[in-house]
Structure formats: C-alpha cells, structure tokens
Asks: 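What follows is a structure written as structure tokens; I'll ask about it next.
Both backbone and side-chain heavy atoms feed into the values below; hydrogens, waters and symmetry mates do not.
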Number of protein chains: 4
Amino acid sequence: MSEEKNIFKQLFDEEESLTEKQQKIVEAAIEMFAEKGYASTSTSQIAKKAGVAEGTIFRHYKTKKDLLLSIVSPTMAKLIAPFVIRDLNKVLDAKYDRYEDFLKAMILNRQEFLKENMTAFKILIQEIPFHPELKEQFREHIAEKVFEKFVRLVDHYKEKGQIIDLPSPAVVRFSATSIFGLLIVRYLFLPEADWNDEKEIEMTVQMIVNGIGKG
Amino acid sequence: MSEEKNIFKQLFDEEESLTEKQQKIVEAAIEMFAEKGYASTSTSQIAKKAGVAEGTIFRHYKTKKDLLLSIVSPTMAKLIAPFVIRDLNKVLDAKYDRYEDFLKAMILNRQEFLKENMTAFKILIQEIPFHPELKEQFREHIAEKVFEKFVRLVDHYKEKGQIIDLPSPAVVRFSATSIFGLLIVRYLFLPEADWNDEKEIEMTVQMIVNGIGKG
Amino acid sequence: MSEEKNIFKQLFDEEESLTEKQQKIVEAAIEMFAEKGYASTSTSQIAKKAGVAEGTIFRHYKTKKDLLLSIVSPTMAKLIAPFVIRDLNKVLDAKYDRYEDFLKAMILNRQEFLKENMTAFKILIQEIPFHPELKEQFREHIAEKVFEKFVRLVDHYKEKGQIIDLPSPAVVRFSATSIFGLLIVRYLFLPEADWNDEKEIEMTVQMIVNGIGKG
Amino acid sequence: MSEEKNIFKQLFDEEESLTEKQQKIVEAAIEMFAEKGYASTSTSQIAKKAGVAEGTIFRHYKTKKDLLLSIVSPTMAKLIAPFVIRDLNKVLDAKYDRYEDFLKAMILNRQEFLKENMTAFKILIQEIPFHPELKEQFREHIAEKVFEKFVRLVDHYKEKGQIIDLPSPAVVRFSATSIFGLLIVRYLFLPEADWNDEKEIEMTVQMIVNGIGKG
DNA sequence: AATGAATGAGTGTTCATTCAT
DNA sequence: GATGAATGAACACTCATTCAT
C-alpha cells in the first residue's frame with residue numbers, strides 16, 4: 001500500500017513543481033533515451049539538447065539513473081492506474097455488461113494514454129530488462145497486482161457465461177498480448193503508417209472474443 | 001538478395017570456423033549482452049569473462065559492434081529461416097490441411113529453436129531499437145518478407161474457407177502477436193515458472209482459432 | 001609591522017562582529033577542515049553542516065580560502081601573541097628567575113590555549129605546507145620573530161649562568177621541539193589517552209633543563 | 001605478522017617491476033603530492049608531468065589513492081625497518097654499550113634514509129591525518145610496535161644504570177621528539193640552510209643524554 | 001542579509017581501439 | 001594468433017562561485 005502511495009506521490013509531485021529548466025531537461029532526456037537508449041545517451045548530450053549546463057541536470061537529479069526513473073516510474077504508474085482503483089468490479093458491473101465492451105473501452109482508454117506518452121512508454125519497455133529496480137516495480141505492480149485483478153475480472157465474466165472454460169491466466173495472457181501486440185505494432189513498429197484506429201480496435205476485440213476460425 | 005546472402009553466409013561462416021578462443025568470446029559476449037545490454041557491457045569485461053586478452057577480441061572482430069552483429073544477425077536469419085524457403089506453400093499443401101495444424105507445427109518448431117537460442121534472441125529484441133542496421137535488417141526481412149509471406153498464407157487458408165473475412169494483415173498481426181506473446185512471456189518474463197508447454201500451445205492455438213467467446 | 005597589525009586586526013574583527021550564521025559557518029568549517037582537510041572539504045558540505053545556504057558562505061567570505069584564512073590566521077596570531085609583547089625581557093626579569101620556571105609557565109600557558117583551540121591549531125599545522133600565504137606568515141612571524149626572541153631569551157639565561165655553552169639556536173630548537181613534541185603527542189596523536197598533564201610537563205621541563213642546564 | 005609481511009612484500013614487489021612509464025608516474029606523483037598535497041593534485045596534472053596519457057595511470061593503479069599508497073606505505077615500512085628486526089637487543093649489546101652511541105648511530109642511519117626519501121616522507125606525514133588507512137598503519141606499526149620496542153630498549157639501558165629513573169614512555173617520547181624535531185626542522189623547514197649535520201647530531205644527542213642521563 | 005538555482009571548468013575513472021612484442 | 005601496455009576521448013558527477021530574487 002505504501003509502495004502504491006509512493007509511486008503516485010512521485011507522479012504528482014513531479015507534474016507540478018517542474019521548473020522551466022527541469023522541464024527542458026526531462027523533454028530532452030525522453031527524446032534521447034528513446035532514440036539511443038539510456039546507456040548510450042550521455043548527460044552532456046542531454047544538457048546540450050536541453051540548452052542547460054551539465055551541472056544543472058545534477059542539481060535536479062542526483063544521478064543519471066534518477067533522471068531515468070523520474071521519467072519511467074510515473075509512466076508505469078499512470079499506465080496501470082485504471083487497474084488499481086479500489087472498486088474496479090463495481091465500475092464493470094455498472095458500465096460493461098459484456099467482456100467485449102470492457103475490452104473495447106479499456107483499449108480505447110489506454111490507447112489515448114499511450115498516444116500521448118508513447119516515447120516514455122518506449123523507454124519503459126526498452127529499459128526494464130537492464131534495471132533491477134524497474135524489473136522489480138514491473139513484477140510487483142504489473143505481473144502481480146494487475147495480472148491478479150485481470151484474472152478475477154475474467155472469472156467475473158466467466159460466471160456470466162461469456163467466456164469459455166479455459167484457465168483464466170491463459171485467457172488473460174491471450175487477451176493482454178493481443179491488445180499490447182496491437183498497441184506496440186501500432187505505436188512502436190509502424191507509427192507513421194496510415195491507421196484507422198477505431199476499426200483496428202474493433203477487429204482486434206472481435207478476434208479476441210470470437211477468434212479467427214470459421215463456424 | 002545480396003543482403004540475404006550475406007546474412008546466411010555469416011550464419012555458416014561462424015558455425016564452422018570458430019577457434020576455441022573465439023568461441024569463448026562469443027559465449028561470454030552473449031551472456032553479458034543479454035544481461036546488461038550491449039552498451040553497458042565493456043570489451044574488457046567480455047575479455048575477462050572469456051579468459052582472453054582484450055586485444056584478442058579485436059583480432060577476430062574489428063569493432064565491438066561487429067561482435068554484436070556476429071551474434072545477432074545469424075540469430076535473426078535462423079529465426080526466420082523456415083519462412084523464407086522458396087516453396088513454403090507446397091509444404092503447407094502437402095502437410096497442413098488446416099491453419100490450426102500449421103500454427104501448432106510452427107509454434108512447436110520455433111519454440112524448439114528459441115529454447116536453444118533464448119539468450120541471443122533476447123539480445124536481438126533488446127538491441128533492435130538502438131541499432132539502425134538491425135532495424136533495417138528487421139524491416140527488410142521480417143516486417144516485409146516474412147509478413148508478406150504470412151499474409152499470402154492466410155489468404156491461402158481463407159480460400160479454403162477456414163478463416164473469417166477480416167483483412168489478412170489484421171489476422172496475421174493477431175496470430176503473430178498471440179504467438180510471440182506466448183513465447184515471450186514463456187521464455188523471457190517467466191522462464192523459471194513451471195510450464196506445461198504442450199498444453200499452453202494447444203490452448204493458444206485454440207484461442208487464436210476459436211477466440212474466447214462462448215456460443 | 002603592517003602585516004602584524006593586519007593579523008591582529010583580523011583577530012579582533014572576527015571575535016566581535018560575527019553574525020549567528022557566520023558563527024555557524026566558521027564552526028562547521030573548523031570541524032570539517034580538521035577532519036578531512038581544506039582541499040577535501042566542499043563549501044556545500046560546510047553549508048549543509050552549518051545549516052545555511054551555500055550562497056551565504058560567499059556573502060561573508062569572498063572565497064573558500066578566505067574562510068580558511070579567517071580561521072587559521074588569528075589562531076597563529078594568538079598562538080604567538082605572548083612572544084611578541086614588546087617588553088618580554090622585563091616580564092622575565094620580574095617573574096622568572098630561572099629558565100626552568102619560565103619554561104614551565106610558558107608550557108602551561110600555551111597548553112591552556114591549545115586545549116581550547118586544538119581543532120584550529122590542527123588545521124593550521126596541516127594546511128601550512130599547502131598554502132604559500134600561510135608558509136609566509138609562518139616564516140615571518142614564527143621562524144623569524146619568535147625564534148629570534150627566543151634566542152635572545154636563551155642568551156639572557158646563559159648570561160645568568162643557567163645554560164650550558166652550546167649555540168643558542170640549537171638550544172632553542174631543542175627546547176621548542178621538546179615542548180611541541182609533548183603538546184602534539186598529547187593533543188593530536190593521543191588526545192583521548194589518560195594524561196596527568198602537570199606531571200608530564202614537570203618531567204619534560206626537567207629533561208630539557210637537565211639536558212641544557214649547567215651543573 | 002601477516003600485515004608486516006604484506007607491507008614488506010609491497011616494498012620489494014614495487015622496487016623491481018616498475019616499467020619505465022610507471023617509474024615516471026610515480027616520480028611525478030611524488031613531486032606533486034609533496035608540493036600541493038594529495039587532494040589538490042589532479043591525475044591529469046600527474047599524467048602531464050609524467051608525459052603519459054591519463055589512462056596509463058589507471059592501468060597501473062586502480063585508483064588515485066592506490067597511487068598514493070604505493071608511494072607512502074613502502075616509505076613507512078622502510079622508515080621503521082631497522083626497529084622491527086627480530087633481534088634488535090642482540091645488535092645493541094654487541095655494538096652499542098651506551099645509549100648515547102645507539103642514539104647517534106640511529107640518527108645517522110635514519111638521516112641517511114630521510115635524505116634520500118625526504119619527499120616521500122613529507123607526503124607521508126602530510127597525508128596521515130586525512131587517510132584512515134594510513135592512520136591505522138601508523139598506529140599499528142609505529143605507535144605500537146616501534147614505540148614498544150623503544151620502551152624496552154630504554155629499560156635495557158636503565159638496567160645498565162645509564163638512564164635516570166623517569167617513566168620509560170616519557171623518556172622515549174622525549175628522545176623521539178627531539179630526534180624527529182631535529183630531522184623535521186633540518187629537512188622540511190629549512191632544507192636549504194647551511195647545516196653542519198654531524199655537529200647538530202652531536203649536540204642533539206648530547207642534550208638528550210644530559211637530559212636523561214645519569215651522573 | 002540570505003537564498004538556492006545555475007554555471008562550466010574540472011574531477012577521477014572507464015572506454016574501445018591500436019600496436020609492438 | 002595472442003597478448004596487454006598504451007592511448008586520449010568520453011563519461012558521470014562535483015566544484016567554487018555568481019546572481020536574480
């Protein structure tokens with residue numbers, strides 16, 4: 001619980017009190033980390049791109065890694081925020097009768113977020129493998145909390161008779177990789193292709209729910 | 001075409017003529033690149049782990065990047081090898097009546113490969129974003145050739161009446177992300193979990209083909 | 001002469017007009033300079049320890065070295081103060097018939113001073129070798145004026161027949177190093193040992209006087 | 001015991017296997033450390049003065065501090081070497097009937113050593129206060145072993161009736177500070193003055209012995 | 001008077017690469 | 001073929017000092 005609070009406190013602290021220079025540093029860092037990777041981006045390059053002195057970076061962020069985490073931790077927190085609200089099931093009951101509707105709503109919602117945080121998200125998934133702290137945050141928040149919530153959610157729709165009798169973890173994995181597959185292809189692999197987003201989502205949800213086989 | 005030749009030539013060159021020291025260098029490099037990333041692994045660390053002098057690395061590989069490519073390019077080539085054989089369709093006709101069977105066979109086959117080349121594969125997907133040459137190789141070989149072949153393959157099964165009438169690229173994307181989703185979760189996220197591989201594949205193919213909806 | 005005035009002016013300036021913050025800065029600086037040395041102590045560390053902003057230090061002391069000198073120069077001045085009074089010989093005639101008595105009185109007096117200014121004294125002797133200004137002050141005030149005065153003083157007691165016929169400079173050096181040897185061992189090397197100060201002084205004076213005394 | 005071995009192993013290892021560049025680095029470092037102090041000497045300055053690349057320093061010495069210790073530890077070891085030979089007392093019995101003779105011999109011997117290692121010795125005493133490892137070495141080797149040996153030695157001459165009945169530690173301290181007082185004044189304070197070394201030693205020994213001698 | 005953000009030169013150290021042996 | 005000493009540019013980070021508030 002305190003962990004959760006922490007991650008969200010970081011989130012808001014940062015959002016508000018960023019000085020102008022700090023803002024520029026973060027922007028430059030995001031751009032460069034995404035393009036060349038954290039390890040291959042030097043603080044002097046960030047400083048130059050941000051138009052500040054190199055020392056200024058270290059006045060705001062104790063280390064280069066601090067700067068990375070200040071970008072990537074809040075992104076992870078915001079990414080999973082919709083799933084850690086306390087009464088998710090109530091929302092679902094009230095608003096989404098069908099798993100299909102829930103999926104569609106969720107994809108749209110997260111797509112909106114990713115569209116605006118694509119670069120930070122890219123950094124997040126690129127750097128997770130190299131930083132134990134990130135791995136740990138990922139494990140704790142996503143692999144455990146969100147996954148578990150999602151499993152219960154699938155159970156919920158199973159009880160309603162909407163989902164076939166396969167193990168819920170497998171269903172969750174299948175749903176999740178299909179969704180993230182779409183979003184990653186859409187925003188990371190081929191971001192400049194001409195997409196009809198709504199239709200792609202529609203089709204993806206349809207394939208998840210109905211599969212691609214005939215009759 | 002010459003690119004393609006290149007990639008395969010490298011593949012076989014390497015396999016055969018590796019001296020003992022070279023073998024040790026490559027092994028050490030694979031282990032460290034996977035763990036800490038290319039940029040964060042120093043040639044001196046590789047040399048130490050391989051038990052050779054630092055200069056020896058540069059006798060065999062002109063640059064550090066050469067060493068990376070000697071690991072990663074053949075891996076990409078081998079990974080997609082089954083899809084670039086000239087008469088894939090004939091094979092399919094002869095052996096796999098149903099898309100389902102093809103999928104199952106393919107997943108099993110690639111799983112076998114990944115199991116033995118997991119570390120190199122990990123490096124491959126981790127480093128692609130940071131190296132234009134790799135991006136280009138990926139684009140040319142996978143995003144174009146393999147994807148295209150896959151699309152024709154889906155068309156093939158569509159004509160047989162086995163696949164619903166959605167745009168083939170969407171179907172391919174869906175199939176591919178579901179499969180890679182499984183393999184990545186299985187081998188990269190949770191490699192030490194207790195998996196019943198055969199059953200997972202079974203279920204995944206079933207979900208791709210039938211979806212998760214009821215009735 | 002103007003130098004001398006300077007050194008004493010500083011001495012009193014400081015004593016009186018120190019603001020509260022300034023006091024804290026000086027205290028923090030003394031503590032840290034003694035422990036880690038001038039060069040290895042950063043102004044930011046001093047500021048933090050003093051509980052003031054870094055800029056505040058530079059409002060009171062133009063440079064970091066100014067801060068050092070404001071600590072060390074007055075200490076040197078006070079240390080040698082008893083020797084630069086104009087009519088030392090009269091005092092001696094009036095009060096100390098024997099060299100022995102003079103030595104004992106002097107050691108006791110300087111010991112009192114060192115006990116209370118040990119840390120600043122430590123800084124003084126540690127930093128003298130690295131700062132030309134301090135070397136110069138030392139040379140001018142101690143190596144010349146005080147030494148010369150001491151030589152005349154030994155001559156004085158020689159005339160009284162109390163000191164053997166060795167060159168006065170050698171006698172002075174011997175007396176001085178014996179005394180400072182005691183004080184340095186006592187206060188810098190083994191400050192927390194259990195000392196019987198009076199007895200140590202007694203013995204040291206006895207050894208010096210036996211050494212150079214006449215029958 | 002193993003400590004002792006260590007310190008002497010360093011001593012000889014180093015003496016022999018120094019490459020030409022390493023020799024130059026050490027020479028440059030000694031010169032600069034003595035002049036400006038360890039903390040105020042930068043590795044780039046050392047490199048420049050030694051005529052090598054900065055990286056070369058770190059090929060031979062893992063850190064800047066390693067370089068310091070490689071200079072200063074052997075110096076301390078050699079300085080105290082004559083006192084840690086196993087059968088010091090036998091030597092004394094055989095060669096020096098009188099404390100006076102022993103003192104004279106020892107001063108001459110150590111003076112010879114200091115003359116040739118003055119700069120390293122200067123660094124040693126300047127840096128001891130700032131480096132816990134050096135403090136510890138000093139405490140262990142000098143403050144304990146050598147001091148203790150010296151005390152027994154004074155006891156030895158006391159039994160022979162040559163030294164007055166004052167506590168041996170005080171006698172040792174007095175002798176030692178008088179001797180080091182001479183050597184420090186001679187070699188550090190006023191190295192370029194015109195000294196009659198033999199006569200100074202003669203006088204100092206005389207004053208010490210008169211001071212603590214019997215009859 | 002006091003602050004603390006900003007600076008840019010400088011720090012110790014690591015790097016990929018070269019080359020004489 | 002293999003070595004490892006040597007390089008100098010680059011690295012993350014710290015420094016004393018300035019100045020607008």
Asks: If each of A:His60 and C:Lys21 is mapped to the nucleotide of DNA chain E with the nearest heavy atom, which maps nearer the 5' terminus, i.e. the 5' end?
Replies: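 Looking at the nearest nucleotide for each, C:Lys21 comes out on the 5' side.
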
Asks: When the distance from CD of D:Gln23 to C1' of F:dA5 is rounded to whole Å, what number comes out?
Replies: 17 Å

Asks: Applying ring-ring contact (aromatic ring centres under 6.0 Å, His included), name anything that partners D:Phe138, two or more places apart in sequence or on another chain.
Replies: C:Phe189

Asks: Who are the ring-ring contact (aromatic ring centres under 6.0 Å, His included) partners of A:Phe58, not counting sequence neighbours?
Replies: none

Asks: How many Å lie between CZ on D:Phe33 and C1' on E:dG12, as a whole number?
Replies: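 It is 12 Å, rounded to the nearest whole Å.
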
Asks: Can you name the residues that form a side-chain hydrogen bond (donor to acceptor under 3.5 Å, both in side chains) with D:Ser40, not counting sequence neighbours?
Replies: none

Asks: Quick one: B:Tyr61 OH to F:dA2 C1', roughly how many Å, whole number?
Replies: 15 Å

Asks: Could you work out, with side-chain hydrogen bond (donor to acceptor under 3.5 Å, both in side chains) as the rule, every residue matching C:His60, not counting sequence neighbours?
Replies: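 So C:His60 forms a side-chain hydrogen bond (donor to acceptor under 3.5 Å, both in side chains) with C:Gln22.
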
Asks: What residues form a side-chain hydrogen bond (donor to acceptor under 3.5 Å, both in side chains) with C:Arg139, not counting sequence neighbours?
Replies: C:Glu136, C:Glu144

Asks: If the threshold is 4.0 Å, N to carboxylate O, is there a salt bridge linking D:Lys49 and D:Glu27?
Replies: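 Between D:Glu27 and D:Lys49 there is no salt bridge, as every charged N stays at least 4.0 Å from the carboxylate O atoms.
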
Asks: Could you run through nucleotides 8-18 of chain F and give me one letter per nucleotide, 5' to 3': B if any protein heavy atom sits under 4.0 Å from the base, S if only the sugar-phosphate is that close, - if neither?
Replies: B--SBBBSBBB

Asks: Please check this pair: side chain of A:Tyr38 against backbone of A:Lys65, looking for a donor-acceptor N/O pair closer than 3.5 Å.
Replies: yes

Asks: Send over the distance from D:Ile25 CD1 to E:dG12 P, rounded to a whole Å.
Replies: 14 Å

Asks: Take atom NZ of B:Lys24 and atom P of F:dG1, then tell me their distance rounded to the nearest Å.
Replies: 18 Å

Asks: Atom CD1 of C:Ile57 and atom P of E:dA1: how far apart are they, to the nearest Å?
Replies: 16 Å

Asks: Please give the stem ranges for DNA chain F, sorted by first residue number, where a stem is three or more consecutive Watson-Crick or G-U pairs and both donor-acceptor distances are under 3.5 Å.
Replies: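 In DNA chain F, stems of three or more pairs: E:2-21 with F:2-21.
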
Asks: Could you list the residues that satisfy side-chain hydrogen bond (donor to acceptor under 3.5 Å, both in side chains) with C:Thr63, not counting sequence neighbours?
Replies: none

Asks: For the pair made of CD1 in C:Ile46 and P in E:dG4, what is the distance, rounded to whole Å?
Replies: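 So the CD1-P distance, C:Ile46 to E:dG4, works out to 17 Å.
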
Asks: What is the distance, rounded to the nearest whole Å, between atom CD of A:Glu20 and atom P of E:dG4?
Replies: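 These atoms are roughly 20 Å apart.
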
Asks: For D:Thr41, give me all partners under side-chain contact (heavy atoms from CB on, under 4.5 Å), at least two apart in sequence or on another chain.
Replies: D:Met32, D:Phe33, D:Lys36, D:Gln45, D:Ile46

